[in-house]
Amino acid sequence: MKNKKVLKRITIVLSIILILLDIYLYMKMKFTWLEIGSTHHQYENASLIIGGLFRFGLLIWGILLIPVVWLEYLLINLLMKIYRKFDSLKRILLYLITLIVIILLLILFIKTISLIIITLL
């Protein structure tokens, strides 16, 4: 029971951090869009448009990371239930499948969050 409370708190903190990163990315993106009309050089405008579209895509990925965090939370809870409920080969098979999905989502999360952080720096 204590593990679930800790896990839920971690999930809530990660969700809040993601929301704050998305807000900061949106504010930074807003300044990029305002600069587009101020210059008269076409290559500089094109560069700003490409940068703005890239940040917009990252903003969408950042928003989509919030459900991924909660999906990870649910999958880890499912993993604990599988471990307690099943025995022998069925437990190992379900445990491995769930663990592979958790690892893949975790890799997606880490890659996307690192890309967002690198963009903000």
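Note that CG of L74 is 9.5 Å distant from CG of L7, once rounded to the nearest 0.5 Å. Taking CG from L99 and CD1 from I92, the interatomic distance works out to 12.5 Å, rounded to the nearest 0.5 Å. Note that CD1 of I113 is 4.5 Å distant from CG of L18, once rounded to the nearest 0.5 Å. Interatomic distance, I17 CD1 to D22 CG, rounded to the nearest 0.5 Å: 12.0 Å.
Within 6.0 Å of OH on Y83 lie no more than 12 heavy atoms contributed by other residues, nucleotides or ligands.
Nearest heavy atoms, R91 versus F86: NE-O, 2.9 Å. Closest approach of I19 and I66 over heavy atoms only: CG1-CD1, 3.6 Å. The minimum heavy-atom distance linking L106 with E72 is given by the pair N-OE2, 2.9 Å.
Between L79 and L75, the closest side-chain pair of non-hydrogen atoms is not below 4.5 Å. By the 4.5 Å heavy-atom criterion applied to side chains, M80 and N77 are counted as neighbours. Side chains of L78 and L94 form no contact here, defined as non-hydrogen atoms less than 4.5 Å apart. Taking 4.5 Å as the limit, every side-chain heavy atom of I116 sits out of range of all side-chain heavy atoms of Y24. At a threshold of 4.5 Å between non-hydrogen side-chain atoms, the residues F54 and L115 count as touching.
Legend: side chain to side chain donor-acceptor pair (under 3.5 Å) pairs involving residues 58-71, not counting sequence neighbours, sorted by first then second residue: S15-W70. Pairs passing the side chain to side chain donor-acceptor pair (under 3.5 Å) check and including a residue from residues 96-105, sequence neighbours excluded, do not occur.
In the hydrophobic cluster analysis, where Ile, Leu, Val, Met, Phe, Trp and Tyr join through side-chain heavy atoms closer than 4.5 angstrom, L64 is grouped together with L20. Linking ILVMFWY residues whenever their side-chain heavy atoms come closer than 4.5 Å, directly or via other members, places V6 and L14 in the same cluster. Residues I107 and V68 are members of one and the same hydrophobic cluster, defined by side-chain heavy-atom contacts under 4.5 angstrom among Ile, Leu, Val, Met, Phe, Trp and Tyr. Each of I100 and I76 belongs to its own hydrophobic cluster when Ile, Leu, Val, Met, Phe, Trp and Tyr are linked at side-chain heavy-atom distances under 4.5 angstrom. A chain of hydrophobic side-chain contacts below 4.5 Å, direct or via other Ile, Leu, Val, Met, Phe, Trp or Tyr residues, connects L21 to M27.
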Item to check | Working for side-chain contact (heavy atoms from CB on, under 4.5 Å), residues L71 and F109 | outcome: CA-CA 11 Å; L71 184 63; F109 177 79; over 6 Å; no

